[in-house]
Asker: 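One structure, as structure tokens, below. Some questions next.
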Amino acid sequence: MISHNAGRRAILAAGAASLALPAIGRAQSAPVKVGVLLPTSGILAYSGQVAARGIQLGAALGRGAGGPAIEIVNYDTQSKPDTGRLGVESLVRDGCSVLIGAWDSAATISAAQACEAAKVPIVVNIASAPQITEQGFTQLFRNFTPAGVLIRAAVQRIKEATDSRSPRPATAVVLYANDTFGNAILGALDKIWAQLEVPIKILDRIGYDEKARDLSVEVAKARATGADILLPITRVNDAISIVREMVKQKWNPQAIMSPGSPGPYEKSFTDALGKYADDYMVSVPWYDPRNPTTRALVARFERENPGQRFELNAGFSCEAVQIVLDALIRARSADPAAIHAALRTTNIADHPMYGGPIQFDAKGQNNNIGCVLLQDRDGAPLVVGPAEVAMGEVRYPLVPFDKR
Amino acid sequence: MSAPLLQLLGISRRFGGVAALDGLDLDLPQGGITALVGPNGAGKTTCFSIIAGALSPTSGQVKFAGETITGLPPESVCRRGIARTFQVVRPMRDLSVLENAMIGAFGWTRHVATARLAAADALAMVGLTAKANAAVGHLTLPDRKMLELARALSTRPRLLLLDEVMAGLRPTEADAVVAVLRRLAAGGLTILLVEHVMRIVMQAATRVVVLHHGALIADGTPAQVVQDPRVIESYLGASPTDPP
Amino acid sequence: MLLSWLNILAGGVLIGIVYALIGSGLTIMFGVMRVVNFAHGEMVVAGMYMGYFAHSLLGLPAPLAAIIAAVVMFAFGYLLQRLLVEKFMARPQHIQFILFIGIALVITGLHLAIFGPDAHAVDGPITFATISLGPLSLDLVRVQAAGGAAVLILSLVLFLRLAPLGQAMRAAADNRTGSLVIGLNVPRICALASGIGAACAGAAGALISPVFDTEPYLGLEFTLIAFVTVIVGGLGSLAGALVGGVLIGLAEASAALAIDPQLKTAFSYGLLLLVLLLRPRGLFGADAG
Amino acid sequence: MQVDRRLGWIAGAALFAGCAIAAPWLDGFTMSLLTLVFLFAWFGQASNLAMGFTGQLSLGHALFAGLGGYAVVIITTRYGLSPWFGLLIGMPIAAAAGAAIGWLAFRFGVRDVYFALLAIAVAEMMRVIFSNWNFVGGTGGIFLPALSPTNEPLRTLRGGALFYYAAALFLATAGTALLAWLRGARIGYLWRALRDDEAAARALGVRAPLHKILACAISAAMTALGGALYAHLNGVIFPDSMMGMALSIQIIIGPILGGLGTVFGPLVGALVVVPLGEISGTLGQSLGISGMNSIGYGLALILLIGLLPGGLWPAIVAGVQSLWRRR
């Protein structure tokens, strides 16, 4: 439950507004169907299911706050690229007037094309390929940072965190997963590193096959560069392998700072690595830990989903539901065109994820998403930057693995 | 008679250390039915496979109509006019009887209709017309043997290599095949056949060539060969006077 | 530099021995049954789950878990053959392919449904421990996995050479119709082979569960690794599987080190291609006359 | 044989004509599903040609789909040229790749399982190479720009759902007709003879290397054409999704289930397999068990091949035949 202190917060505001609008008040008419496309099975099932829990939470919050009545209709993309289009058609046939999805960039593009034809808006909860909002889609709204923007913020965080350190790091090495995501991040990293004039020299960029199960060689190569800090761009499994190899190879750089990639904030990472997970840093979009509404929401999520951590997949999915609810209230109708028009003028100041108000530009991109610096501390991620949301200080340099 | 149609010059073939053929020389003139006989392991099938291009000889040369064909792949050998049948029948199961017989005709025609006519002719020659549209799975063994023959004929060969085409047939059935072969030979086709049953050899062949341990030990008319003491010793056993 | 080379190559050999165990399972099934198990990788993953749970619930080390996994997977493989695969033995290869794709999908689906999509990582000090061997510093979990795999391969070889049942299996592998004639119970021998094949996969899975994290969708990768291993060594040959596994482990490690880590899988496929072309039946395969 | 063909023509003509006429009344979902059905029927016909007609079990067909898809996408997005030109380049490249694999296999006597693995090895190597090749976008893939409002589908080979539906329907019809024609043509006979018994066929003068390589090349070029449409349909191309094992397997399941070597098998197979994937997805979704789709799909595959030895199409033919006789 959300405390009454949060009454001014958007979700409750949404509830109040809905009471004033009998047209879609929940007792008065059939619920609006909201279609959700996520890869809840197949190779991306892990992230897809975390996102699905975020959607459930968002819907539950809306219900609890007396928001407009909605019915969530799920579609499993099975992690296949060609199901995005099929999923949209299926959901539209089932009467959905607005969609949320689709987590991975391939299914999102495929879905966006069908949305374009069906004239049904889609709120992209997660998908980072910059191209998604550059293809000229009119029905697509993305409340997630494209790789370039994410990395600009991430590099900013890294620069802040290393600027006044002693010893001051002079060199870095990149270890990156050579997949769609890793490549997008790496491409942006090089550009922005130069633009922001980070005074740290990147010595080498070592890619590895995304399917590699064994990263000993890669870590040995990275270690051999003698770099002061390691910049890993990973998924969660490879992040775990990298730390294990570092422990075994007794490599203690001054810091491990991941520019905007999954892994270190996930529960399986901290569970698998225990004390060796600590001090690993990552800059990612994250929830605002100083916002009491958000804190209540996080607590509720972790209570309702034992053993799960509220992270950005859940957070942005939850927020996507909030965006849809907000649009439904203002649209006063279940008509996709009206919802589309309402989404265009979205302006939500108070929302769980750190950043400015949620607004979409002409391309459907929200440019106000913030980025924090997380550092694992005692088996959980702690926000250590920027100052306005930090809950603790950066620990630098990292405690050598053999001294833990 | 002019230059021989087929010439084997010093053909040897070794499998590991064993010589299946050891310096075999053989001339086959145009026309007639020649039987290649010999005990098991004498190298008859090896000899066929080398002529047909399925095997390469370790040394020696094969000449056909004056051209060296040693080492050519089987399809090229066939396209030059040598057709063979297999000891174990190998029909194509997915094709009907007529379609099986058409395959050989595609070596010389590109037209399906022409091939169909040629296949029908070949089937008629071996008496399979009635079963042209049957599935090969339903054929009896004699019929399959005839199909094997018809397929070879549809390639329009100048030389036909028949590997035990009458094995497993009853005497009356075998006689019918002999009649077919005689008719073909009379039409100018040269036939070289491997055969075990001496009765058939005597009946069908105009010439008999005897192989033993990969070498030629006798060559002559059937009557001459059965009197040859080396043949009697190595192959026919102790009683040459008995009709086999 | 030389030392790191040595370390990495040694790591390649260690993981190669585990690949060899995975490959042995595939090769035995092919040798006896003439069936290509496209669900082999999924059976490895099943073993990985057993290894993970044996560790996290019972605190068992991987080699003990491997024994449990081998027993369970043996029963699975045996029953699978008797109840299902047996009916497909005489069917064409492409039909058997679909059968095993179906089996693989069911196993993967069960893993996802039961254990969820999360990666299960064995935790605890053992995953960080190394042992020093002269100048080499090797991961304890890898040494343990390779050691376990080597023991299992060796016992398998002894079984096939010495035990009457093993000899019967070899006879059946050499000549199927022949062994029918001399009165061997071929269906039972096939079921045994299937059981042993699955047991090898399961045991290998349990052994590597502390090395690689367990997730439902690893199957296809392991199947491909098993194929590469076995084809390089020669389908149907145990010695071939061993050599193939070690070669692949070495090739991947040295390619990653000397050329580019991202291309290491391309190298093992390159090796496969080379072997296929130069020795189509593999390094140790019987030449098909 | 006769029933097979007559039934096939009637059913095929009715299906294709029906689907063409029904287009304006189809809802978006059915149309999208049928689009995939027809696209995979085309892929299925392509692999049927190599696998069913010539007997070469290829598990690497995604390579050709990828080559076709990449050629068209690169030609249009990088060079701004016509996608038709892309096809003109992509199909011969795929054909050459297919021919090269066929030649290698023939030259070195790689057959059966070994041929399947040769194809996998080449496809996987190319996938890794494409993943690391910046010119083709690496693993980042290539995204297609949104269509302009004045888009002419026949010029850009892209369009709305109806365009893809029509294109896939055209391919499926053309593919089925092509295979029907090839089956009765000289080369079809030669392919089937080679498949049934290569040594016997060669002894009858069938030029095995030429015809096998030709089959690989034609099959590859067909797959490349399908790949181009698939890439356009998805709006994006990645090495993983277009060259991976998953697609290779997906391509060959349909024709095998439908009845390998038959003209209508791949079509029937696609009609069953594609909706089956969708139904099993819905099943998993409605039960709330996320692995259920995979379990359902796998069980259905096992059941279908267990119960119908020759595939769906021969079973349908046999069924109709027995009904016929009973009357």
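Just the heavy atoms: all of them, side chains too, but no hydrogens, waters or symmetry mates, feed the values below. We name chains A, B, ... by the order of the sequence lines, and we start the count at 1 in each one.
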Asker: What part of D:L59 gets within 4.5 angstrom of chain C, counting heavy atoms only: side chain, backbone, both, or neither?
Answerer: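 The side chain, not the backbone.
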Asker: Go through D:R127, D:M126, D:M125 and name the one with the most non-hydrogen pairs under 4.5 angstrom from chain C.
Answerer: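 Among D:R127, D:M126, D:M125, the one with the most close pairs to chain C is D:M125.
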Asker: Check each of D:L104, D:V122, D:V110 against C:L273 using the side chain to side chain contact (heavy atoms under 4.5 Å, CB included) test, and report the only one that passes.
Answerer: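 Among the candidates, only D:V122 passes.
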Asker: Hey, are the side chains of D:Y114 and C:L276 touching, using non-hydrogen atoms and a 4.5 Å cut-off?
Answerer: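 In short, these two side chains touch, coming nearer than 4.5 Å.
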Asker: Heavy-atom pairs under 4.5 Å with chain D are the metric here; pick the option from C:P216, C:P92, C:G109 that has the most.
Answerer: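 Top option by heavy-atom pairs under 4.5 Å: C:G109.
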Asker: State, with a plain yes or no, whether a side-chain heavy atom of C:L105 is found less than 4.5 Å away from one of D:I295.
Answerer: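 No. Closest side-chain heavy atoms not under 4.5 Å.
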Asker: Let me know if D:L117 has heavy atoms under 4.5 Å from chain C in its side chain, its backbone, both or neither.
Answerer: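 Its backbone and side chain both get close to chain C.
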Asker: Flag the one option from C:L277, C:I231, C:L278, C:L99 with the top tally of heavy-atom pairs under 4.5 Å to chain D.
Answerer: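 Of the candidates given, the most pairs with chain D belong to C:L277.
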Asker: Looking at chain C, which one of D:I253, D:I289, D:I120, D:I129 has the largest number of heavy-atom pairs inside 4.5 Å, strictly under?
Answerer: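 Heavy-atom pair counts peak at D:I253.
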Asker: Quick one: what part of D:L304 sits under 4.5 Å from any heavy atom of chain C, side chain, backbone, both or neither?
Answerer: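 Neither; nothing under 4.5 Å.
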Asker: Non-hydrogen atoms of chain C under 4.5 Å away: do they reach the side chain of D:L308, the backbone, both or neither?
Answerer: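 Backbone only.
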Asker: So which of C:I114, C:V228, C:T108, C:I101 has the biggest tally of heavy-atom pairs under 4.5 Å with chain D?
Answerer: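 Result: the option with the highest number of such pairs is C:I101.
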